[in-house]
Amino acid sequence: LQSAEHAHSRALRRTRYIAVFAGLAAALLVTVILNINTGSVKIPVARILQILLRRQGVAKEVSIIWKIRMPRILLSAVLGGGLALSGFLLQTFFGNPIAGPFVLGISSGAKMCVALVMIALLGRFGEVSSWILILAAFAGAMLSTAFILVVSRSVRHMAGLLVAGIMIGYICSAVTEFLITFAEDSDIVNLHGWSQGSFSGANWSSTGTAALITGTAFVCVFFLSKPIGAYQMGEAYAQSMGVNIRRLRVALILLSGILSACVTAFAGPVSFVGIAVPFLVKQALGTSKPIVVIPAAFLGGAVFCMISDLIARMAFAPTELNISTVTSVLGAPIVIYMLIRKKRAF
């Protein structure tokens with residue numbers, strides 16, 4: 001009898017997983033089509049499919065889709081997935097559901113270092129390599145993370161960690177604004193817009209670089225699914241299963257830092273995605289198993305950011321909103337709900 005109940009329970013879980021992944025895949029497809037079709041130039045869905053599959057059609061429409069809209073769509077999907085994955089890793093590391101790169105000030109630290117490098121190098125060389133920006137963002141992310149690690153040893157409860165992260169974010173943002181204020185106008189073209197978060201500067205080069213970094217990090221995280229699952233059960237259990245806790249914790253921080261740094265380098269700071277998406281995915285799946293949550297969180301982050309980018313472009317067209325404005329409106333209520341729910345649980 002117990003065996004039959006267990007088999008039935010596994011079948012139900014499998015069906016739920018399939019339904020969630022199918023829903024995310026359908027949402028991804030619909031969102032891609034909406035993003036391609038929405039803009040100052042309307043292109044019918046039939047012609048969109050023809051252009052995508054055969055690269056045939058009116059030259060203007062082909063150029064709009066392949067040179068403007070597709071790079072932006074793919075960049076928002078890749079970075080959105082990376083940001084959700086970064087949030088999942090931080091939540092696993094701290095054992096805290098509100099740990100995310102934006103809330104903990106990690107994105108702000110990356111933003112500060114990128115702004116510093118851009119201001120310092122643009123005046124001398126006129127351009128900055130995307131790899132230099134990524135390294136600068138990674139250095140800033142690691143700096144903020146190091147401070148958070150120090151604080152987390154003394155502050156165990158959620159509210160204290162949240163306040164510490166917010167303070168780090170304010171300090172880094174203040175330093176960034178100071179740098180921008182006293183920089184030469186010629187050195188900060190598009191810097192202010194970038195500092196608010198945007199996918200508008202996407203091209204195939206930046207999209208390819210972001211996809212390479214994020215894809216590599218995703219594969220590494222996925223292969224860590226089993227030790228992460230053991231770590232979620234507690235350090236003692238993980239050690240009994242042969243997991244090297246120190247190496248795993250270093251891997252979690254480094255991979256999270258790489259993902260959040262890549263997002264910040266190419267799109268600026270994007271808020272709340274790293275907290276809201278993993279929470280929604282776990283609720284939908286009904287599990288926290290990394291082998292299931294990791295790909296689902298990546299897909300969920302991609303859909304979330306593509307929808308947010310669509311709203312940012314079209315809500316007040318032709319004026320474009322900052323991407324963080326939209327993700328804050330969509331994600332902040334979810335974080336508030338998480339805090340209220342956590343409080344009620346006690």
Side-chain angles (χ1 to χ4, degrees), residues 6 9-10 12-14 16-18 20-21 24 81-104 106 145 148-149 151-153 155-162 165 214 217-260 272-301 304 331 334-335 337-339 341-346:
H6 182 66
S9 177
R10 288 183 62 185
L12 288 177
R13 284 200 304 271
R14 190 180 299 111
R16 184 170 183 172
Y17 297 164
I18 292 172
V20 171
F21 276 100
L24 287 172
L83 201 54
L85 199 56
S86 175
F88 171 74
L89 294 176
L90 287 173
Q91 289 163 18
T92 301
F93 182 89
F94 289 104
N96 194 323
I98 64 160
F102 188 84
V103 171
L104 293 181
I106 295 171
T145 302
I148 284 291
L149 288 174
V151 172
S152 65
R153 292 180 180 179
V155 180
R156 295 290 181 181
H157 50 88
M158 187 190 306
L161 191 62
L162 176 62
T214 305
F218 173 83
V219 172
C220 292
V221 173
F222 190 77
F223 279 116
L224 288 174
S225 295
K226 189 172 181 180
I228 289 174
Y231 185 79
Q232 288 176 335
M233 303 295 290
E235 290 190 8
Y237 177 81
Q239 286 178 332
S240 70
M241 296 296 292
V243 176
N244 188 316
I245 299 297
R246 180 174 295 179
R247 288 183 182 178
L248 178 62
R249 287 171 68 89
V250 169
L252 292 178
I253 284 295
L254 287 178
L255 288 169
S256 175
I258 289 170
L259 289 166
S260 59
F272 293 108
V273 178
I275 302 177
V277 172
F279 172 76
L280 292 175
V281 165
K282 289 174 187 176
Q283 292 297 303
L285 291 170
T287 184
S288 296
K289 290 182 179 178
I291 198 167
V292 181
V293 173
I294 287 169
F298 194 90
L299 281 174
F304 190 93
I334 298 171
V335 177
Y337 169 74
M338 290 170 63
L339 291 171
R341 187 178 178 212
K342 186 76 174 178
K343 186 175 181 181
R344 286 178 178 174
F346 289 101

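Keep in mind that this is a model prediction, so the values were computed, not measured.
Listed for the T92 side chain is a donor-acceptor partner under 3.5 Å among the backbone atoms of F88. Checked by atom type and distance alone, the side chain of S225 pairs as donor or acceptor with a backbone atom of F222 at under 3.5 Å.
Rounding to the nearest 0.5 Å places CG of L83 at 12.0 Å from CZ of F272. Residue C220 holds its SG atom at 8.0 Å from CD1 of I258, rounded to the nearest 0.5 Å. Atoms CD1 and CD1, from I275 and I98 in turn, are 6.5 Å apart once rounded to the nearest 0.5 Å. Interatomic distance, Y17 OH to L12 CG, rounded to the nearest 0.5 Å: 11.0 Å. If you take CD on E235 and CZ on R249, they are separated by 5.5 Å, rounding to the nearest 0.5 Å. Annotation: the span from L89 atom CG to I253 atom CD1 amounts to 9.0 Å, rounded to 0.5 Å.
The shortest heavy-atom contact between V281 and A296 is CG1-CB, 3.5 Å. Nearest approach of Q91 to P97, heavy atoms of both residues: NE2-O, 3.4 Å. Among all heavy-atom pairs drawn from A217 and L259, the shortest one is CB-CD2, 3.6 Å. Listed here is the closest heavy atom pair of I334 and A276: CD1-CB, 3.8 Å. Taking both residues in full, the closest heavy atoms of S288 and Q232 are given as O-OE1, 3.1 Å, listed atom of the first, atom of the second, then distance. Residues A297 and V277 approach most closely at O-CG1, 3.6 Å, considering heavy atoms.
In terms of the side chain to side chain donor-acceptor pair (under 3.5 Å) criterion, residue partners of R13 (sequence neighbours excluded) are, by chain and number, S9. With sequence neighbours left out, the side-chain contact (heavy atoms from CB on, under 4.5 Å) criterion links Q239 to I245. Residues forming a salt bridge (charged side-chain N to carboxylate O under 4.0 Å, His left out) with R16 (at least two apart in sequence, or on another chain): none.
For the pair L255/L224, a side-chain contact is recorded, criterion being any heavy-atom separation below 4.5 Å from C-beta on. Looking at V335 and F279, their side chains never come closer than 4.5 Å, going by heavy atoms from C-beta outward.
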Practice problem: Would you please test F298 and V221 for side-chain contact (heavy atoms from CB on, under 4.5 Å) and show each step? | Solution: CA-CA 11 Å; F298 194 90; V221 173; over 6 Å; no
Self-check item: Chi angles and distances behind the side-chain contact (heavy atoms from CB on, under 4.5 Å) call for I294, L85
Solution: CA-CA 7 Å; I294 287 169; L85 199 56; 3.6 Å; yes
Self-check item: Test side-chain contact (heavy atoms from CB on, under 4.5 Å) applied to V273 and F102, step by step
Solution: CA-CA 8 Å; V273 178; F102 188 84; over 6 Å; no
